[in-house]
Amino acid sequence: MATRLRPGPARCCRAGAHQKPDLKSISRQKPLPWPSHLAREIGGAALELVKANWSLDAPIRMLTVTALNLTDGREGHQLSLLEPERPRNEKRERLEQSLDAIRRKYGKTSIAPGNVIKNDIGLEDIEIEEKP
């Protein structure tokens, strides 16, 4: 989802998480401190919502992360004297753009964080050669 936000000027101001643990549905939203298109910031906010509203020991049948309140990134942000200024994430932005380029060229499953390989979250297409 963050990959689709990055090519244009779109930024999201709110992250949402929708869970279906059984036959019921839980949907929560959380504002981000500033507009973002970085997967780590959007995913981190969604993970906070999941942790606050569901036990991580219980299975979840479906989990959807959503970017909400999209803006073109040109709108101003209210500065505060009490809160710290938004940290510059130029290094993280370059990293995520490089990951996007690798996935475009070699496929979606060509590169992934180590903690999701051989996990049950949908990356079963990745084959890892085990060394003895």
Side-chain angles (χ1 to χ4, degrees):
M1 168 249 334
T3 303
R4 293 189 307 262
L5 291 176
R6 269 191 288 282
R11 305 285 184 267
C12 78
C13 297
R14 193 170 198 77
H18 181 83
Q19 311 172 98
K20 280 193 178 181
D22 292 321
L23 297 175
K24 64 180 181 175
S25 205
I26 301 171
S27 185
R28 300 288 185 264
Q29 297 178 9
K30 176 181 182 170
L32 297 175
W34 43 75
S36 179
H37 64 281
L38 298 177
R40 177 169 282 188
E41 293 175 356
I42 299 167
L47 184 59
E48 288 176 19
L49 289 169
V50 171
K51 285 180 178 179
N53 294 290
W54 190 256
S55 169
L56 294 181
D57 295 333
I60 296 175
R61 207 171 121 217
M62 181 188 81
L63 176 64
T64 305
V65 176
T66 309
L68 303 161
N69 291 10
L70 298 181
T71 179
D72 62 3
R74 287 182 255 166
E75 294 177 10
H77 177 70
Q78 179 67 45
L79 299 177
S80 172
L81 296 173
L82 304 175
E83 294 178 10
E85 189 176 327
R86 176 187 178 173
R88 299 289 299 174
N89 288 325
E90 294 170 5
K91 190 174 181 179
R92 170 58 59 180
E93 287 184 27
R94 286 194 314 270
L95 172 66
E96 290 195 15
Q97 289 171 353
S98 298
L99 293 173
D100 293 344
I102 291 169
R103 288 183 183 119
R104 274 192 305 274
K105 185 171 184 178
Y106 298 107
K108 289 181 182 179
T109 59
S110 61
I111 190 166
N115 62 344
V116 298
I117 296 175
K118 291 201 170 200
N119 198 330
D120 61 350
I121 64 167
L123 295 177
E124 61 275 344
D125 296 338
I126 296 176
E127 293 182 19
I128 303 296
E129 291 182 23
E130 305 261 340
K131 295 182 180 179

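Each residue takes its place number in the sequence, starting with 1. Computation of the quantities below employed the complete heavy-atom set of this structure, encompassing side-chain atoms and omitting hydrogens, waters and symmetry-equivalent molecules.
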Residue list, side-chain contact (heavy atoms from CB on, under 4.5 Å) with [X], at least two apart or on another chain:
| X | result |
| --- | --- |
| Arg40 | Arg92, Glu96 |
| Arg104 | Asp100, Ala101 |
| Leu47 | Lys51 |

Worked check of side-chain contact (heavy atoms from CB on, under 4.5 Å) between Arg11 and Trp34: CA-CA 9 Å; Arg11 305 285 184 267; Trp34 43 75; over 6 Å; no

Is Ile26 linked to Leu49 within one hydrophobic cluster, defined over Ile, Leu, Val, Met, Phe, Trp and Tyr using a side-chain heavy-atom separation of less than 4.5 Å? no

Report yes or no: do Leu95 and Ile102 belong to one cluster of Ile/Leu/Val/Met/Phe/Trp/Tyr joined by side chain heavy-atom distances under 4.5 Å? yes

dist Ile42:CD1 -> His37:NE2 (nearest 0.5 Å) comes out at 8.5 Å

Just verifying a value: how many Å separate Ser98 OG and Glu93 CD, rounded to the nearest 0.5 Å? 11.5 Å

With a 3.5 Å cut-off and sequence neighbours excluded, list the donor-acceptor pairs that the side chains of residues 12-19 form with protein atoms.
unit_1 : atom_1 : unit_2 : atom_2 : d
Arg14  : NE     : Gln29  : OE1    : 3.0
His18  : NE2    : Ser25  : OG     : 2.9

Under the side-chain hydrogen bond (donor to acceptor under 3.5 Å, both in side chains) test, which residues partner Asn53, sequence neighbours left out? Arg28

Return all side-chain donor-acceptor pairs below 3.5 angstrom for residues 55-65, not counting sequence neighbours, or 'none' if the list is empty.
unit_1 : atom_1 : unit_2 : atom_2 : d
Ser55  : OG     : Asp57  : N      : 3.3
Arg61  : NH1    : Asp22  : O      : 3.1

